[in-house]
Chemist: 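One structure, pasted below without further comment.
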Amino acid sequence: MALLNILRYPDPRLHKVAKPVAAVDARIRELIGDMLETMYDAEGIGLAATQVDVHERVIVIDTSEKRDQPLVLINPELVWRSDARVLGEEGCLSVPQIYDKVERHAAVTVAALDRAGQRFEREVEGLTAVCVQHEMDHLVGKVFVEYLSPLKRDRVRAKMLKRAREEQQERQKV
């Protein structure tokens, strides 16, 4: 397995729409393993393939307390959304150290393929439901900051660009 590079907002590649996975094969299973390793290393709870510059419909999530219950979603689709909504603080591995409130459905049912290519459906709620919706947004080229006001979004963009310049300057000093 290998650690993958996580794209950072406002990288335009984060806005690419992911294509369906044609076959769950060794390449996809290796991608899943690398994505899980990358997500755990970055201390995240979810990661979409788009975030690692692979534009296929693959998501990994682990919201368990012990971080030992990964949920793999290949070609996920939301087949049900609750009417109830929740407003919660969200962050993103592609927008590190930035958090803001986003409204999501409180519960959803997701249909997807697992690592073996078997179709399943699972109803999730709470943090896992929010995470599923957040990661599925990545697959259609949407980053959570797009739910924020234009002013907040511009501030986040400016902050991320400044941070990237500072990191580049630090690397050049080495």
Side-chain angles (χ1 to χ4, degrees), residues 4 6-18 20 32 35-36 38-114 120-164:
L4 304 171
I6 298 172
L7 300 178
R8 289 209 182 159
Y9 181 81
D11 191 309
R13 293 172 290 179
L14 288 168
H15 299 294
K16 285 187 179 178
V17 175
I32 290 164
M35 287 174 62
L36 284 166
T38 302
M39 177 188 72
Y40 289 130
D41 182 72
E43 298 180 11
I45 59 171
L47 187 66
T50 300
Q51 293 176 271
V52 294
D53 204 20
V54 176
H55 303 283
E56 294 182 83
R57 296 182 57 80
V58 178
I59 293 171
V60 297
I61 292 172
D62 192 343
T63 57
S64 67
E65 223 170 279
K66 292 184 179 178
R67 316 280 290 136
D68 61 353
Q69 296 173 34
L71 174 61
V72 173
L73 303 171
I74 301 167
N75 295 337
E77 302 169 51
L78 291 183
V79 295
W80 175 81
R81 298 165 183 83
S82 67
D83 291 333
R85 314 253 317 168
V86 292
L87 183 65
E89 191 96 345
E90 287 190 29
C92 181
L93 293 176
S94 291
V95 195
Q97 302 166 346
I98 304 288
Y99 301 90
D100 215 314
K101 295 201 178 303
V102 176
E103 187 176 283
R104 302 277 188 185
H105 296 278
V108 296
T109 299
V110 61
L113 301 177
D114 64 15
F120 70 97
E121 283 190 16
R122 180 172 301 169
E123 184 176 334
V124 292
E125 59 186 24
L127 180 60
T128 304
V130 167
C131 193
V132 165
Q133 293 167 83
H134 175 109
E135 299 307 332
M136 286 185 69
D137 276 352
H138 280 297
L139 299 181
V140 295
K142 190 169 187 176
V143 181
F144 92 97
V145 297
E146 293 172 48
Y147 287 99
L148 308 179
S149 71
L151 177 63
K152 281 187 174 181
R153 199 170 40 244
D154 287 346
R155 284 183 180 162
V156 169
R157 188 178 202 291
K159 194 178 284 188
M160 294 300 296
L161 289 170
K162 180 181 180 204
R163 193 179 298 161

Chemist: Quick one: salt bridge (charged side-chain N to carboxylate O under 4.0 Å, His left out) pairs with a partner in residues 87-98, sequence neighbours left out?
Modeler: Glu89-Lys101, Glu90-Arg104

Chemist: Do Ser82 and Glu125 have side chains that approach each other closer than 4.5 Å (heavy atoms only, starting at C-beta)?
Modeler: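 SC-SC contact between Ser82 and Glu125 ruled out.
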
Chemist: Do Leu4 and Met35 touch side chain to side chain, with heavy atoms closer than 4.5 Å?
Modeler: yes

Chemist: Who pairs with Thr38 by side-chain hydrogen bond (donor to acceptor under 3.5 Å, both in side chains), at least two apart in sequence or on another chain?
Modeler: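 Not a single residue meets the side-chain hydrogen bond (donor to acceptor under 3.5 Å, both in side chains) criterion with Thr38.
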
Chemist: Test Leu47 against every option in Leu93, Leu36, Ile61 by the side chain to side chain contact (heavy atoms under 4.5 Å, CB included) rule and name the one that passes.
Modeler: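 Of Leu93, Leu36, Ile61, side chain to side chain contact (heavy atoms under 4.5 Å, CB included) with Leu47 is met by Leu93 alone.
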
Chemist: Do Val130 and Val102 have side chains that approach each other closer than 4.5 Å (heavy atoms only, starting at C-beta)?
Modeler: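 Val130 vs Val102: side chains apart.
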
Chemist: Measure across Ala107 and Glu123 and return the closest heavy-atom pair with its distance rounded to 0.1 Å.
Modeler: CB-OE2, 4.5 Å

Chemist: Are the side chains of His15 and Thr50 in touch, meaning some heavy atoms are under 4.5 Å apart?
Modeler: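 The answer is no, as the side chains (C-beta and beyond) never meet within the 4.5 Å cut-off.
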
Chemist: Closest heavy-atom contact between Cys131 and Gly46?
Modeler: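 Closest heavy-atom pair between Cys131 and Gly46: SG-CA, 3.9 Å.
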
Chemist: Return all side-chain donor-acceptor pairs below 3.5 angstrom for residues 153-163, not counting sequence neighbours, or 'none' if the list is empty.
Modeler:
from: Arg153; atom 1: NH1; to: Glu146; atom 2: O; distance (Å): 3.2
from: Arg153; atom 1: NH1; to: Leu148; atom 2: O; distance (Å): 2.9
from: Arg163; atom 1: NH1; to: Pro96; atom 2: O; distance (Å): 2.6

Chemist: Please list all pairs meeting salt bridge (charged side-chain N to carboxylate O under 4.0 Å, His left out) that have one or both residues in residues 76-85, counting only residues at least two apart or in different chains.
Modeler: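 Residue pairs passing salt bridge (charged side-chain N to carboxylate O under 4.0 Å, His left out), neighbours aside: Arg85-Glu103.
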
Chemist: Quick one: does Leu73's side chain get under 4.5 Å of Arg122's, heavy atoms only?
Modeler: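 No, every pair of side-chain atoms sits at 4.5 Å or beyond.
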
Chemist: For residues 51-60, which side-chain N or O atoms pair as donor and acceptor with protein atoms under 3.5 Å away, sequence neighbours left out?
Modeler:
from: Gln51; atom 1: OE1; to: Ala48; atom 2: N; distance (Å): 2.9
from: Gln51; atom 1: NE2; to: Ser94; atom 2: OG; distance (Å): 3.0
from: Asp53; atom 1: OD1; to: His55; atom 2: NE2; distance (Å): 2.8
from: Asp53; atom 1: OD2; to: Arg13; atom 2: NH1; distance (Å): 3.1
from: Glu56; atom 1: OE1; to: Arg27; atom 2: NH2; distance (Å): 3.0
from: Glu56; atom 1: OE2; to: Arg27; atom 2: NH1; distance (Å): 2.8
from: Glu56; atom 1: OE2; to: Arg27; atom 2: NH2; distance (Å): 3.2
from: Arg57; atom 1: NH2; to: Pro76; atom 2: O; distance (Å): 2.6

Chemist: Can you list the residues that meet the side-chain hydrogen bond (donor to acceptor under 3.5 Å, both in side chains) rule with Asn75, with sequence neighbours excluded?
Modeler: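 In terms of side-chain hydrogen bond (donor to acceptor under 3.5 Å, both in side chains), with neighbours along the sequence ignored, Asn75 is linked to no residue.
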
Chemist: Does some side-chain heavy atom of Tyr40 sit less than 4.5 Å from a side-chain heavy atom of Asp62?
Modeler: yes

Chemist: Any chance you could measure Leu127, atom CG, to Ile45, atom CD1, to the nearest 0.5 Å?
Modeler: 4.0 Å

Chemist: Rounded to the nearest 0.5 Å, what's the gap from NZ on Lys152 to CD1 on Ile98? Could you check?
Modeler: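 Lys152 NZ to Ile98 CD1: 11.5 Å, rounded to 0.5 Å.
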
Chemist: For Leu14 and Tyr9, work out which heavy atoms get closest and say how close.
Modeler: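 Taking Leu14 first and Tyr9 second, the nearest heavy atoms are CD1-N, 3.4 Å.
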
Chemist: Mind checking the OG-CG spacing from Ser64 to Leu71? Nearest 0.5 Å is all I need.
Modeler: 10.5 Å

Chemist: If you define the side chain from C-beta out and look only at heavy atoms, does anything of Asp137 sit under 4.5 Å from Tyr147?
Modeler: yes

